[in-house]
Amino acid sequence: PVTMEEMLHHSRAVARGARRPLLVGDMPFLSYQVSPEEAVRNAGRFLQEGGMDAVKVEGGRERLASIVAILLAGIPVMGHIPQELAAEISRRLTIPTIGIGAGAGCDGQILVTHDLLGLFERFTPRFVKQYADLHGEMKRAFSAYIQDVETGQFPAQEHNLTMDADEWRSVLKALRSEAAA
C-alpha cells in the first residue's frame, strides 16, 4: 500500500546519506501500470525529487510500453530478469551485476531484509530464502505478553519501579494538604 509520496520521502532520505552508490527507486503499485505517460512522470519524479539514478519496476511483457517510454525519456530501468538472461548479461559486462531472483550467474545477490528475516507470513517470493522466522517469533512473544497481562503475571513486583519510603510519605503529605485546602 506504499504511495509515490512515501517512496519519494524514503528516496530523499537515502540520497542524503549515500554519495557513491547507484540509487534505484522502487516504483510502487499503480505508479507505472496506468499508462506509459504516468510511468514516465513518476519515474522522472524519482530522479528529480527523490535523488535516484534509476527506477525498478515489476512485470514483464505487459509492462513493455511503460518500460520503453521510461527508457526513451532517458531514465534507466531495472527489474527482475530470468537467470538465463542475467547470466548472459553478467558474462558480457565488465561491471558487476546484482541479482534478486535472477540466479547465481550474477556477480552479487540481494534479498530484502524483511524477506530474509521472515517478517511476513502472508507472502514469500519464490526466489527468497528465509534465514529466520521472526514473524513467528514476534507473534509468539506478543501472545505471551498479552496472556501475562490478562492473567496478572505481568507486571510482577520485579518489573515495577518503587519510590524511597520517605519520598512517598512526603508525596502523600503534600497530597493530603492539597486536598484539605
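Values in this document were obtained by computation on a predicted structure and should not be read as measured data.
Following chains of ILVMFWY side-chain contacts shorter than 4.5 Å, one cannot reach M4 starting from F29, and the two form parts of different hydrophobic clusters. In the hydrophobic cluster analysis, where Ile, Leu, Val, Met, Phe, Trp and Tyr join through side-chain heavy atoms closer than 4.5 angstrom, L30 is grouped apart from V40. Residues V77 and V68 do not share a hydrophobic cluster, clusters being chains of Ile/Leu/Val/Met/Phe/Trp/Tyr side chains in contact below 4.5 Å. With hydrophobic clusters built from ILVMFWY side chains whose heavy atoms lie under 4.5 angstrom apart, I70 does not share a cluster with I81. Transitive grouping of hydrophobic side chains (ILVMFWY, heavy atoms separated by less than 4.5 Å) keeps L47 and L22 in distinct clusters.
The residues E178 and K173 are annotated as not salt-bridged, no charged nitrogen and carboxylate oxygen being separated by less than 4.0 angstrom. With respect to E37 and R41, no salt bridge is recorded, no charged nitrogen being found less than 4.0 Å from a carboxylate O.
Residue E88 comes nearest to R91 through the heavy atom pair OE2-NH2, 2.6 Å, listed as atom of the first residue, atom of the second, then distance. Scanning both residues, A15 and M52, for their nearest heavy atoms gives CB-CE, 4.3 Å. Nearest heavy atoms, D26 versus M7: O-CE, 3.2 Å. The nearest pair of heavy atoms linking R45 to E5 is NH2-OE2, 2.8 Å. Taking all atoms of both residues into account, the shortest heavy-atom contact from C106 to T97 is CA-OG1, 3.5 Å. Residues Q33 and P28 approach most closely at OE1-O, 4.1 Å, considering heavy atoms.
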**Message:** The test is side-chain contact (heavy atoms from CB on, under 4.5 Å); show your working for M138 and L119 and say whether it passes.
**Reply:** CA-CA 9 Å; M138 289 170 30; L119 286 172; 3.7 Å; yes
**Y32 vs E58, side-chain contact (heavy atoms from CB on, under 4.5 Å): CA-CA, chis, key distance, verdict** = CA-CA 9 Å; Y32 58 95; E58 302 282 339; 3.2 Å; yes
**Asked** What's the verdict on side-chain contact (heavy atoms from CB on, under 4.5 Å) for L116 and Q130, showing C-alpha distance, side-chain angles and the deciding distance?
**Response** CA-CA 5 Å; L116 182 147; Q130 287 187 338; over 6 Å; no
**Item:** Stepwise ring pair (Phe, Tyr, Trp, His ring centres under 6.0 Å) check, F120 with H135
**Value:** CA-CA 6 Å; F120 298 120; H135 179 271; 8.1 Å; no
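Residues L117 and Y131 form no side-chain contact, since every pair of their non-hydrogen atoms from C-beta on lies 4.5 Å or further apart. You'll find the side chain of V57 stays beyond 4.5 Å of the side chain of M78, heavy atoms only. Side-chain contact between V55 and V24 is absent, with no heavy atoms from C-beta onward closer than 4.5 Å. Looking at heavy atoms from C-beta onward, E38 lies in side-chain contact with S35 at the 4.5 angstrom threshold. In this structure, the side chains of V14 and H10 stay at 4.5 Å or more apart for every pair of heavy atoms. P125 is listed as a side-chain neighbour of F123, based on a closest heavy-atom distance under 4.5 Å. The closest side-chain heavy-atom distance from D107 to I95 is not below 4.5 Å.
Judged purely by atom type and a 3.5 angstrom limit, T151 uses its side chain to pair as donor or acceptor with the backbone of Q147. Without hydrogens or angle criteria, E6 side chain to T3 main chain gives a donor-acceptor distance under 3.5 Å. With hydrogens and angles ignored, the 3.5 Å screen pairs no side-chain donor or acceptor of D115 with any backbone N or O of L111. In this structure a side-chain-to-backbone donor-acceptor pair under 3.5 Å is missing from S143 to R140.
Heavy atoms of other residues, nucleotides or ligands lying less than 6.0 angstrom from OH of Y145 number 12 at most. No more than 12 heavy-atom neighbours from other residues, nucleotides or ligands sit within 6.0 angstrom of CD on Q48.
Atom CD in E167 sits 12.0 Å away from atom CG in L172 (nearest 0.5 Å). Separation of atoms OG1 (T124) and NZ (K129) is listed at 14.0 Å; rounding is to 0.5 Å. Atom CD1 of residue I110 and atom CD1 of residue I98 lie 6.0 Å apart, to the nearest 0.5 angstrom. Separating the CD atom in Q83 from the OG atom in S90 is a distance of 11.5 Å, to the nearest 0.5 Å. With rounding to the nearest 0.5 Å, the separation of CG in N42 from CD1 in I75 is 10.0 Å.
Relative ring orientation between H80 and F127 is described as tilted, the plane-to-plane angle lying within the 30° to 60° band.
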